[in-house]
Amino acid sequence: MTKALVSVPKAAKRGDIVDIRAMIAHPMETGYRMGANGVAIPRRIITRFVCTYGGGEVFAADFSPAVSANPFVSFSLRAAESGPVGFAWTDDQGETVTASAEIAVS
Amino acid sequence: MLRPTASLIAIALLATPVAAQAPLPFEPRSGRDFMAPETQAMQADDASNPGMLWVLQGAELWDRKAGRSNQSCAGCHGEAASMRGVAARYPALDPASGKPIDLAGRINQCRAERQDAPSLARESDEMLALATFVAHQSRGLPIAPPTEPGLDPFRETGRQIFTTRMGQLDLACANCHDDHWQGRLAGSAVTQAHPTAYPIYRLEWQGVGSLQRRMRNCMVGVRAQPFAAGSDELVALELYLMQRAAGMALETPGVRP
C-alpha cells in the first residue's frame with residue numbers, strides 16, 4: 001500500500017506564500033523492533049523527501065528512523081509561476097513514489 | 001402496600017422492549033471532544049488526516065475486480081455513494097444466520113458469496129481500507145441502529161458484557177465509560193466509549209484499526225482474556241455500543257491519540 005496525499009492550493013497570486021502539505025502511507029519500520037519469536041523486523045524507512053517546483057528543488061528533507069509511520073510534511077512556497085509541484089519520496093530500498101499537483105499563478 | 005408497586009415495576013419491565021435502552025445519564029460526547037485541539041485539527045482537515053490514506057486505498061479496492069467471479073464491489077453496488085448510511089446502521093441482522101453481522105463481517109460475506117474470493121483478515125490493510133472507505137461515505141450522518149426485534153437479545157447480551165466485571169482488575173466497561181468518563185487514566189481521557197469514528201487512525205498504533213481491535217485492547221488493559229476478533233461477543237458489544245450512541249454523527253475516519 002503506497003499512497004500519497006498532497007495538498008497544493010489550486011490558484012494563487014504571484015508572490016503569495018502558499019502552504020503545501022504532503023503525506024504518504026509508509027510503515028517507517030525502525031529496524032529496532034522484534035517480530036514473532038524475537039526475529040528482528042528489518043528496517044524500512046523513507047530516507048529522502050524532495051519537492052520540485054519551477055524546474056528546481058524547493059524543499060527537501062532527510063528522514064530518520066525516529067520519524068513516525070505515514071509521515072506528514074508541511075512547508076511554505078512562494079508562488080512564482082503556474083505549473084506542477086512535484087513530490088518524491090525515496091525509501092532505503094531505493095523505491096521512489098511520486099505525486100504532483102498543479103498550481104495556477106496569476 | 002409493597003405488592004402493587006412491585007407488580008407495577010414488573011409490568012413496566014415487561015412492557016419495555018430491550019432495544020429502548022434507558023437514555024444515558026449524561027450528555028453524549030464523542031471521543032473527539034476529549035482530544036487536544038491539535039489532534040482535533042488533524043482529524044478535521046482531510047489533507048492532514050492520515051485515515052484518508054486508507055480511504056484512498058479503499059476507493060481503489062472498491063473498483064478492483066476480485067475472486068473467481070471477477071466482480072468488483074462497484075460491479076454490483078455501483079458508485080460508492082450508494083453506501084451512504086450503511087455504516088450508520090451496522091451491525092445489522094443477517095437474515096441467513098439470524099445473528100447480527102458487523103461491517104467487516106458483511107464485507108467478507110460479500111467476498112465469499114458474490115465474488116468467490118478469499119476472506120480478508122480483519123486487521124489487514126485491505127479490510128481496514130474497504131471498511132474505512134464504506135464508513136467514510138456515511139460521515140456526518142447520525143447513527144441509526146436497526147430496530148428489528150430479532151436483534152434485541154443480542155443487544156441485551158452486549159449490554160450484559162458492557163456491565164460485567166472481568167479480568168484481574170475486575171472492571172466492567174461501564175465502571176470507566178459510564179461512571180468515570182470525565183476522569184483520566186494515566187494521563188489519557190477515559191471518554192464515554194462511543195463508536196462514532198471507526199475505523200480510527202490511532203496515533204499510538206501508527207495506523208488504522210477497527211472497533212474490535214480497540215475493544216480487545218481495552219480488555220487486555222483490564223487483564224482479561226480478550227474475546228476473539230469477529231466473535232459473537234464482540235459483535236454483540238458493537239451492537240450495544242451503536243445503540244448507546246444512537247443519534248450521534250459518524251466521523252470516519254477519526255483520529256485518536
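Worth knowing before you read on, the calculation uses all heavy atoms, side chains too, and leaves out hydrogens, waters and symmetry mates. Bear in mind that the values here come from a model prediction, so they are computed numbers and not experimental data. In what follows, chains carry the letters A, B, and so on, assigned in the order in which the sequence lines appear, proteins first and then strands, with residues in each chain numbered from 1.
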Enquirer: Can the ring centres of B:His136 and B:Trp54 be said to be less than 6.0 Å apart?
Expert: no

Enquirer: Under 4.5 Å heavy-atom distance to chain A, tell me which part of B:Glu60 shows up: side chain, backbone, both or neither.
Expert: side chain

Enquirer: Would you name the heavy atoms of B:Glu238 and B:Leu211 that are closest together and state the gap between them?
Expert: CG-CD2, 3.4 Å

Enquirer: Once the angle between the rings of B:Phe162 and B:His177 is folded into 0 to 90°, is it parallel (under 30°), tilted (30 to 60°) or perpendicular (over 60°)?
Expert: tilted

Enquirer: Closest approach of B:Tyr90 and B:Ile101, non-hydrogen atoms and distance?
Expert: CD2-O, 3.4 Å

Enquirer: Which bit of B:Asn49 comes within less than 4.5 Å of chain A, counting heavy atoms only: side chain, backbone, both or neither?
Expert: backbone

Enquirer: Between A:Ser74, A:Ser68, A:Ser7, who has the most heavy-atom pairs with chain B when the cutoff is under 4.5 Å?
Expert: A:Ser68

